[in-house]
Amino acid sequence: MKDLRANGNPIIRIRNLGKRFGTNRVLNGIDFDVFPGQVVVIIGPSGSGKSTFLRCCNGLEQAEEGDIEICGSALVNQGKMLPDVELNELRKNVGMVFQSFNLFPHLSVLDNICVAPQMLRNLKKTEARAQAVKLLGKVGLAAKAEAMPNSLSGGQKQRVAIARALAMEPLVMLFDEPTSALDPELVGEVLRVMKILAQDGMTMIVVTHEMAFAQEVADVVVVMDGGVIIEAGPPATIFGAPREERTKTFLQSVL
Ligand code: ADP
Ligand code: MG
């Protein structure tokens, strides 16, 4: 197995992360590091805080306790979030893909991918288009550059969303149940693209119920329940010899 820690400092470092919605304590005392090139898969029952955790990692939700560092820069420092200007800078390093694709419906596939790099990375239009064409090739959609989103299948939309996130050249990609909204026959094409990304060395945190993907691609599987990490380890351990009763119960419900 590759020694990920040998690569140096974590891309994401989280200490004692806490988050409440009103009186509902949703994340509690989360400690976690994600190292360069690592694929972390987060599993756990619905409502356990997985999405909130991911959203805290790119500042979409405000954490109230603890620290989050992205590549050594504080996104959250003792429960205090960066000011907006700096937050936006830091966020460029963190790509996110949602369950619901969130493409711009009035823009072509190519323009969906070009908007952010032109606005936020100051790429010229020709540069942004050249990069978008390359990324579309990577996700297997070179032929769809001029298509409008509503003419695509869900699997194609999600692959465009992945290309769009990659166009910002992020240091880490967050995926929140990227295949949960797809018809079963379209899940594989999206997972295949994610697997290629992982093989290319992209650092990834993936929330998913696709246990076969977790077994095959994850370096670390994190099990969440009730807003805490109940255990984490290599897939062989989590799936083969889980330590916690709650992990066993959860796995029985999904496998
Ligand atoms: P998961 O992704 O594991 O299903 P979530 O992070 O979506 O879990 O939710 C964790 C808890 O936080 C749930 O109890 C949910 O109801 C609550 N929650 C999530 N988002 C909000 C919100 N915007 N406002 C209030 N409560 C929320
Ligand atoms: Mg969720």
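Here, residue 1 is the first one in the sequence, and each next residue gets the next number. All ligand and atom numbering here is 1-based and tracks the order in the structure. On a predicted model such as this, the values are computed, not experimentally measured, just so you know.
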Near the Mg ion (ligand 2), protein N/O/S count under 2.8 Å comes to 1
d(F35 CZ, D219 CG) to nearest 0.5 Å is 12.0 Å
Between the OG1 atom in T208 and the CE atom in M211, the distance rounded to the nearest 0.5 Å is 7.0 Å
Practice item. Answer yes or no for R164 and F104: cation-pi contact, defined as NZ/CZ to six-membered ring centre under 6.0 Å and angle to ring axis within 45°. Key: yes
Near ligand 1 (heavy atom, under 4.0 angstrom), the protein residues are F21, N24, V26, P45, S46, G47, S48, G49, K50, S51, T52
F250 and S253 have their tightest heavy-atom pair at O-OG, 2.6 Å
### Message
Taking E189 first and then R192, would you say they form a salt bridge - that is, a charged N and a carboxylate O separated by under 4.0 Å?
### Response
no
Discussion item. Looking at D225 and R246, is there a salt bridge between them, counting it only when a charged N and a carboxylate O are closer than 4.0 Å?
Written reply: yes
Could you tabulate the donor-acceptor pairs under 3.5 Å formed by side-chain atoms of residues 69-86, not counting sequence neighbours?
none

(request) Using only heavy-atom distances, determine whether the side chains of T247 and E231 contain a donor-acceptor pair under 3.5 Å. (result) yes
For residues 44-65, the side chain to side chain donor-acceptor pair (under 3.5 Å) pairs (sequence neighbours left out) are R25-E65, S51-D176, R55-E61
